[in-house]
Amino acid sequence: MAQTFRERVYECVKLIPTGRVSTYKDIANLLGEPNSCRAVGQALKTNPFSPVVPCHRVIKSDGKVGGFQGTPNSKEKVMMLEKEGVRIIDGKVKDRSFFYVLQASFDR
DNA sequence: GGAACGGCTAAGG
DNA sequence: GCCTTAGCCGTTC
């Protein structure tokens, strides 16, 4: 394939609007490989588009923020997400309503 | 070509 | 609620 798995991950992450978040599994599932959730995390970690890809909007399936670019739990990012409209409690998104429903280019 | 890594996930204690 | 164990995937060195 022309692009690597991670490149597609970046595209999906960049599609996440402000005030919304997504999970590694959801992104992997969108790419058609729900089992590659770890590869997604790896891709975001080694992302060459750090400022371009909102990695802080990608969290774990449990709703936990996890970490950012190697930081166990950057509360700075958490507060930023809250400022964008995402309700984060104790470093976790308790409301599933904030999870952005990613979708493939099938109908739009 | 092969081993190691990682922001994981799921299950169990 | 937090930590550990095991499994699994793609990229990087």
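Below, read A as the first sequence line, B as the second, and so on, with proteins coming before strands; counting in each chain starts at 1. The figures here come from the full heavy-atom set of this structure, side chains too, leaving out hydrogens, waters and symmetry mates.
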Quiz item: Just how far is it from atom OG of S22(A) to atom CD1 of I59(A), taken to the nearest 0.5 Å?
Solution: 8.0 Å

Quiz item: At what distance, to the nearest 0.5 angstrom, does CD1 of I89(A) lie from CD of E82(A)?
Solution: 8.5 Å

Over how many whole Å does the gap from [X] atom [atom1] to [N] atom [atom2] extend?
X      : N      : atom1 : atom2 : answer
F68(A) : dC8(B) : CZ    : C1'   : 14 Å
K64(A) : dC8(B) : NZ    : P     : 10 Å
K45(A) : dG7(B) : NZ    : C1'   : 9 Å
K25(A) : dG7(B) : NZ    : C1'   : 16 Å
D62(A) : dC2(C) : CG    : P     : 11 Å

Quiz item: Is P48(A) close to R6(A) at the side-chain level, that is, under 4.5 Å between some pair of heavy atoms?
Solution: yes

With a 4.0 Å cut-off on heavy atoms, is [X] in touch with a base, just the backbone sugar-phosphate, or nothing at all?
X      : value
K77(A) : nothing
N47(A) : base
V65(A) : nothing

Self-check item: Listed once per pair and sorted, the salt bridge (Lys or Arg N to Asp or Glu O under 4.0 Å) pairs that draw on residues 47-63 of chain A, sequence neighbours left out
Solution: R57(A)-E84(A)

Self-check item: Selection residues 12-25 of chain A - residue pairs positive for salt bridge (Lys or Arg N to Asp or Glu O under 4.0 Å), sequence neighbours left out
Solution: E11(A)-K14(A)

Quiz item: Which letters describe nucleotides 7-13 of chain C, given B = protein heavy atom under 4.0 Å from base, S = only from sugar-phosphate, - = neither?
Solution: BBBBSS-

Quiz prompt | Same apolar cluster (I L V M F W Y, side chains within < 4.5 Å links), V86(A)/M80(A) | solution = no

Quiz item: Linking I/L/V/M/F/W/Y whenever their side-chain heavy atoms sit closer than 4.5 Å, directly or via other members, would V9(A) and L102(A) fall into one cluster?
Solution: yes

Which atom pair, heavy atoms only, marks the closest approach of [X] to [Y]?
X      : Y      : result
A28(A) : V40(A) : CB-CG2, 3.7 Å
C37(A) : Y24(A) : O-CB, 3.9 Å
T23(A) : S61(A) : CG2-CA, 3.9 Å

Quiz prompt | Residues touching DNA chain B, which here means a heavy atom under 4.0 Å, drawn from residues 10-21 of chain A | solution = none

Quiz item: Within the pair K60(A) and dC8(B), is there a side-chain N or O less than 4.0 Å away from OP1 or OP2?
Solution: yes

Quiz item: If pairs are Watson-Crick or G-U with both distances under 3.5 Å, what is the dot-bracket string of DNA chain C, marking crossing pairs with [ ] and pairs to another strand with |?
Solution: .||||||.|||||

Exercise. Mind checking ring-ring contact (aromatic ring centres under 6.0 Å, His included) for Y10(A) and listing every partner two or more places apart, or none if nothing turns up?
Key: F49(A)

